[in-house]
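This report concerns only the one structure given below.
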Amino acid sequence: MPSHTPEQTKPGALDGVRVVEVGDRIGEYCGLVLAGLGAEVIKVEPPEGAESRRMGPFVDDVPDPERSLHFWAYNRGKRSVVLDLDSDEGRRELEDLAAASDVLLDASPVGYLDERGLSSAELRERHPALVVARMTPFGEEGPRRNWKATDLVHLALGGQVMNNGYDPDPFRKYDLPPVASQLEHSYAVAGEQLAFTVIAALISRRRTGNGQHLSCAVHEALAKNTEGDLMSWICLRTPFLRQTCRHSAPDVSIHRSIFATKDGRWILASTRNAKLLGPFLAKYGIGDDISDGSDEKSKDSRVLPGMEGGAARNMDAVEHTVRRYLFEDVPWREAQEAGLMWVPVRKPHESAYDEHWLQRGTFGDVEHADLGRSLRYPTSKWIATGTQWVGQSPAPRLNQHRELLQVRPRTLVRAPLTTPDALSVHGKPWALQGVRILDFTWMLASAGATRFLASLGADVIKVEWHKNLDPRRGGNPVGGREARARATEPVPSQWPADLGGPVGAQYNNKNPGKRGISLNIKHPKGLELARRMVAESTVVSEGFSPGVMESWGLGYDELRKIKPDIIYAKQSGMGTKGIYGRFRTIGPVAQAFAGTSEMSGLPDPFPPAGWGYSYLDWYGAYSFALAVLSAVYHHDVTGEGQAIDASQSEVGIFMTAVPTLDFQVNGRVWERAGNRSPYSTAAPEGLYRTRGDDRWIAITCRSDDDWVALAKEAGHPEWLEHADFRTGADRHRNREALDRLVTSWTAEHDGFDLMNRLQVIGVAAGVAQTTQDRVENDPQLAALDWLTELDATNFGRWPVAAPSVKMSDTPQYAGGRVGRGAPTYGEHNYEVYGELLGLSRDEVDGLAAEDAI
């Protein structure tokens, strides 16, 4: 295999930062990202090695702590030091390491370091510059802080699985369980948010000299990650229903999106844009009559930009076309060039051999001396002109870097101390003091990123023009908050919600804390205003198709003429550089192309279940926020700006390392396995039916002790004597029979009662929660203050999702500096144009009359 390792010609954005990683597994993704950005990550392992060293798959399928492909995937580029934290010497050595480092990434159990005299408060008192980043399953406070969880249990409790699965039967009954996506996504969702908050804390520390305590609960991070269902319930009392390989929605759509090829593979294809679909199928299809949708009796409940129009019979035309091709021959590239969002539903390893991603440096070849070969890993999520992703060394051998215990404490180099320009509602300074973002983003994957930066205190100025508004669809209840408070059934939504200023619930949750202006870039005076505002900004962010900003005269080359140290950050579906730069995606399209849709679902002959929402929209937003903040940190340290070319698909590809390695090492192609990982040895493990309509509970027994506890709690000690279930290997080999046995018990009981009973005895269990469960009945989320009430003009006072990471010294606030929800169209024109450019109200009115703003 030819080498495709990008040459290390630029520093990592976190070059010079040292991170000590303690704990296991749930924090490994966060550490991997920080290492990829250039930080030196020292992984502290117990004498027996990290738990993840014992997780499969293994090289040649032979268990060996030095040959776990899971460990390799999540610990690439790190260092390993063994410390026995139950000994005085081990505890002293850990403190010495922390004193010589910038960040302590602590993913140990709640109270573990506290009991050993190494609590965050104690460490920071002795070492004030230390940033302690804490990752826990359920948080450090609250009634469930000591609960047990696994990836599956988190995805159930967080709401992911109830959005994800297969269509119900014709009578709208779900005859199959919901489906959890594989692998380790819960820790990635939380880890990505913790990673960008760590960088914000490092930026703040450069100004103050002080570190702080950060706390992220995996459960909270997941509970607000499900896209549309949260605001739909909060504002409309409308539940979402899962459907095969497409968005969950208030109703089950008649528009399927996935189609089988001649050889049994799958293509995800839009069928509704009749103006584009007709001419394309006339050339590549079989000439079916294409409808514009005017003859439809039933309208779809969820229409996405780029997918408007069309009819159910158009699906038949697409199906007739796709099934005549072999998977490799489907003209999806030609469909993309025609403006249609068609992509192959890829196996997770297949992107590693795609020329587009190789050109972008998405993958890197890492040399494994003990194998005598290199292996290809996903190693990058964006391209930048001033920095690059690093970490081309393999995961460390146990205790490989013992010499690092001799590191000396470092002297913090900080910027001149400045007085905070403003305090947050918490009465404390903002982390991103002095950062201004001229924000051309829209939709979720890009606009969501700047939402997080506003929560950190950046002045985010959202730029819109009425001819291409950021969609404000849905969630405006007829009768407002009062009607919702009285409702016992779904509340009708006001339509249309895209005209002029009204704020929709989904839009409000994506854009709180921002200021909003109107601006016509195509007008000469509008373009000049934009250029003047660039000069007053730290970052220019955008989420348009490649080439749009350049066509307006606002590409990076022009921006840096205006402000040489400007940071220009863009995110598109496939990225600008590469052969697919003009191809279009939305969340489900990017997920199919990245390989993550194929990683979710029941085994063949079932189709992939995909993700039941635009997972790569929120996840892409986290990653884009990470990209911007890494550039801001680099700018603070060096004074240099740069351009960032990020792609939504690469964010998903980054999660495919384990099956990509398994394919290269063991020749194994990923096969869907429902609600248990194909690599897991836990048994029983799965989603089990409980009493009630479509109610389920996730249970994972990771050890013999868990199995014994479950059987006794179920009142069936005889299960323990069954020859097929005596050992872990026996239970794993007979999982289907075991699942039937467990279901015979769970189906007779209330899921919440079972969850509480199992948690009391230390077995990881969690109800597959609906949105109503999370919003109204989850005491842990309530204790974590996971929602924040904000006023929004022309919309009223409603909750939005709070930032997932708590910060002790520069606390975040969803309302940002403005202290409000999302802005209406042009709401802050007078304020922004006056403050930044010195324009009077009359001048602003004159520009509006000329259609320049």
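Every heavy atom of this structure was used, including side-chain atoms; hydrogens, water molecules and symmetry mates were not. In this text the structure is predicted, and so the values were computed from the model without any measurement. Throughout, residue positions are numbered sequentially from 1 according to the sequence presented.
- Side-chain atoms of Q494 come within 3.5 Å of backbone atoms of P477 as a donor-acceptor pair (strictly under, hydrogens ignored).
- Of the possible donor and acceptor atoms, one in the side chain of N508 sits under 3.5 Å from a partner among the backbone N and O of A822.
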Exercise for review: Apply side chain to side chain contact (heavy atoms under 4.5 Å, CB included) to the pair F196 and V805, showing each step before the final yes or no.
Suggested key: CA-CA 10 Å; F196 73 66; V805 182; over 6 Å; no
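- Annotation for G575 and S647: closest pair N-CB, 3.2 Å, computed over non-hydrogen atoms.
- Distance alone, capped at 3.5 Å, is enough to place a donor-acceptor pair between the S551 side chain and the V548 backbone.
- Looking only at side-chain heavy atoms (C-beta outward), V534 and E558 stay at 4.5 Å or farther from each other.
- With T387 contributing its side chain and A13 its backbone, the two residues share no donor-acceptor pair below 3.5 Å.
- Counting only heavy atoms from C-beta outward, the side chains of L629 and L453 approach each other to under 4.5 Å.
- Within the 4.5 Å cutoff, side-chain heavy atoms of F544 are placed close to those of W442.
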Practice item. Start with the C-alpha distance between K570 and E550, add both sets of side-chain angles, then the distance that settles salt bridge (charged side-chain N to carboxylate O under 4.0 Å, His left out), and finish with yes or no. Key: CA-CA 12 Å; K570 75 172 283 86; E550 287 80 2; 6.0 Å; no
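- Looking at E141, its side chain never comes within 3.5 Å of a backbone N or O of A783 through a donor-acceptor pair.
- Side-chain N or O atoms of H426 include one that pairs as donor or acceptor with a backbone N or O of Q812 at under 3.5 Å.
- A heavy-atom distance below 4.5 Å is not found between the side chains of W430 and D459.
- With a 4.5 Å cut-off on side-chain heavy atoms, V539 and H635 do not count as touching.
- At a threshold of 4.0 Å, the pair E192-K381 counts as salt-bridged, since one of the basic side-chain nitrogens sits closer than that to a carboxylate oxygen.
- The shortest heavy-atom contact between Q193 and A221 is NE2-CB, 3.6 Å.
- Side chains of L554 and L527 form a contact here, defined as non-hydrogen atoms less than 4.5 Å apart.
- Listed here is the closest heavy atom pair of A530 and I521: CB-CD1, 3.6 Å.
- Between H466 and Y825, the angle of the ring planes goes over 60°, which puts this pair in the perpendicular group of the 30/60° scheme.
- Using a cutoff of 4.0 Å between basic side-chain nitrogens and carboxylate oxygens, R532 and E536 are not scored as salt-bridged.
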Review point. Between L37 and I199, is a side chain to side chain contact (heavy atoms under 4.5 Å, CB included) present by the stated rule, with each step listed?
Key: CA-CA 10 Å; L37 292 173; I199 299 177; 4.0 Å; yes
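- If you check the side chains of D439 and T441, you find a donor sitting under 3.5 Å from an acceptor.
- Residues W618 and G448 come closest through the heavy atom pair CZ3-CA, 4.3 Å.
- Side-chain contact annotation: Y613 with N225, donor-acceptor N/O pair under 3.5 Å present.
- Side-chain contact annotation: H523 with D851, donor-acceptor N/O pair under 3.5 Å absent.
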**Study point:** side chain to side chain contact (heavy atoms under 4.5 Å, CB included) assessment of R205 paired with D102
**Key:** CA-CA 10 Å; R205 188 185 71 155; D102 303 287; 2.7 Å; yes
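- Atom CD1 of I461 and atom CG of L836 lie 5.0 Å apart (nearest 0.5 Å).
- Proximity of a side-chain donor or acceptor of Y507 to a complementary backbone N or O of P823 within less than 3.5 Å is detected.
- For the residue pair N210 and R124, no side-chain donor N or O sits within less than 3.5 Å of a side-chain acceptor on the partner.
- A donor-acceptor distance shorter than 3.5 angstrom exists from the side chain of Q571 to the backbone of A445, with no hydrogens or angles considered.
- Under the 4.0 Å criterion applied to side-chain N and carboxylate O atoms, D809 and K428 are not assigned as salt-bridge partners.
- Aromatic ring pairs are classed by plane angle as parallel below 30°, tilted from 30° to 60° and perpendicular above 60°; the pair F452 and Y622 is tilted.
- Rounding to the nearest 0.5 Å places CD1 of I203 at 10.5 Å from OG1 of T197.
- For E528 and K525, the salt-bridge test fails: no basic side-chain N is under 4.0 Å from an acidic carboxylate O.
- A distance of 15.0 Å separates CH2 of W382 from OG1 of T576, quoted to the nearest 0.5 Å.
- Considering every non-hydrogen atom in both S537 and L438, the closest pair reads OG-CB, 3.7 Å.
- Between L469 atom CG and S518 atom OG the span is 10.0 Å, to the nearest 0.5 Å.
- At a threshold of 4.0 Å, the pair R774-D229 counts as salt-bridged, since one of the basic side-chain nitrogens sits closer than that to a carboxylate oxygen.
- S804 OG to L214 CG: the interatomic distance, rounded to the nearest 0.5 Å, is 12.5 Å.
- The shortest distance between side-chain heavy atoms of H247 and P588 falls below 4.5 Å.
- We find that K510 and D470 are not joined by a salt bridge, their nearest charged nitrogen and carboxylate oxygen being 4.0 Å or further apart.
- Not a single donor-acceptor pair under 3.5 Å links the side chain of E220 to the backbone N or O of C216.
- Between R515 and E835 there is a salt bridge, since at least one side-chain N of the basic residue sits less than 4.0 Å from a carboxylate O of the acidic one.
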Check your understanding: Run the side chain to side chain contact (heavy atoms under 4.5 Å, CB included) check on R560 and I566 step by step: do they pass?
Key -> CA-CA 6 Å; R560 61 180 175 172; I566 195 71; 4.3 Å; yes
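- No side-chain heavy atom of I234 sits under 4.5 Å from any side-chain heavy atom of N509.
- Of all non-hydrogen atoms in I644 and A627, the two that sit nearest each other are CD1-O, 3.3 Å.
- Between the side chain of R841 and the backbone N or O of Y830 there is no donor-acceptor pair closer than 3.5 Å.
- A salt bridge is absent between E640 and K10: the closest approach of a Lys/Arg side-chain nitrogen to an acidic carboxylate oxygen does not fall below 4.0 angstrom.
- Rounding to the nearest 0.5 angstrom, the gap separating the CH2 atom in W465 from the CD1 atom in I517 is 11.5 Å.
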